[in-house]
Amino acid sequence: METQSLQDPAPGSQPVRNSVGGAKTLSACVGGALVPGLGHALLGKWDRAAVFFCSIGLMAAAGIGLDGRLWSPDFDGIVAALKFAAEAGAGLFYWIPWLQGAGIGDPTSYTYDYANIYLYVAGLLNMLVIIDVFDIAMGRKP
Amino acid sequence: MKNHFVLMVVFSILASLVLAFIAKNGVRERTRYFLILFGSFVLLSIVAGWLMYPFPF
């Protein structure tokens, strides 16, 4: 019976790519957590970086502009903590308006619910983007 | 921009765009995935809205 070498990729498997190294992986992930798309830019994936920066930035800006609420990190209950965690995933797109006192939120506004969904999803999408940066840096994705 | 349908369409475009760039490689695959996601977002939102229409709350 013919045996397969350990160095040969299994049929149908993805070819293994080289990772970029620990320091660059860490800097890309931290950069991506701070500014959506920055991690991809550090890895030279400019098209993805531009799309992530514009899309997530637009969602966060629309959320604030439509009277959404930026939840403070006061952890006043588990639901408030989860809402804060979701929104803070957008990095500086959360922290800069929060530090400027924006995002007070107006529950009587016609667009309040939509605006909050925009803010939550902007942060959650950036968390997925950071995982994507990690996969690319580790050589798991092209 | 205070139309709920417009807000839903804009949300669908942005979320689908990000997910398509995360999940797929290549222009053709991304375009196809984006259109499927965007259509699903919009269509299922309208269906869910109609299903909830008779609810008293």
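- Taking hydrophobic clusters as Ile, Leu, Val, Met, Phe, Trp and Tyr residues chained together by side-chain heavy-atom distances below 4.5 Å, Val129(A) shares a cluster with Met59(A).
- Note on Val18(B): it clusters hydrophobically with Leu35(B), by side-chain heavy-atom contacts below 4.5 Å among ILVMFWY residues.
- Separating the CG atom in Leu14(B) from the OG atom in Ser55(A) is a distance of 5.5 Å, to the nearest 0.5 Å.
- Grouping the Ile, Leu, Val, Met, Phe, Trp and Tyr side chains by contacts below 4.5 angstrom, directly or via other members, places Leu42(A) apart from Ile130(A).
- Under the 4.5 Å side-chain heavy-atom criterion for Ile, Leu, Val, Met, Phe, Trp and Tyr, Ile13(B) and Phe5(B) are members of the same hydrophobic cluster.
- In this structure, chain A has a heavy atom under 4.5 Å from the side chain of Leu19(B), while its backbone stays farther away.
- Interface remark: of the candidates His40(A), Lys45(A), Arg48(A), Arg48(A) forms the most heavy-atom pairs closer than 4.5 Å to chain B.
- Side-chain atoms of Lys141(A) come within 3.5 Å of backbone N or O of Ile22(B) as a donor-acceptor pair.
- Interatomic distance, His4(B) NE2 to Asp113(A) CG, rounded to the nearest 0.5 Å: 7.5 Å.
- Atom OH of Tyr112(A) is surrounded by more than 12 heavy atoms from other residues, nucleotides or ligands within 6.0 Å.
- When atom types are taken as modelled, the side chain of Tyr114(A) and the backbone of Leu7(B) share no donor-acceptor pair closer than 3.5 angstrom.
- Between Tyr118(A) and Val10(B), the closest side-chain pair of non-hydrogen atoms falls below 4.5 Å.
- Residues Asp47(A) and Arg30(B) are in side-chain contact: their nearest non-hydrogen atoms beyond the backbone lie under 4.5 Å apart.
- Hydrophobic cluster membership is shared by Val51(A) and Phe11(B), with clusters built from Ile, Leu, Val, Met, Phe, Trp and Tyr side chains linked at under 4.5 angstrom.
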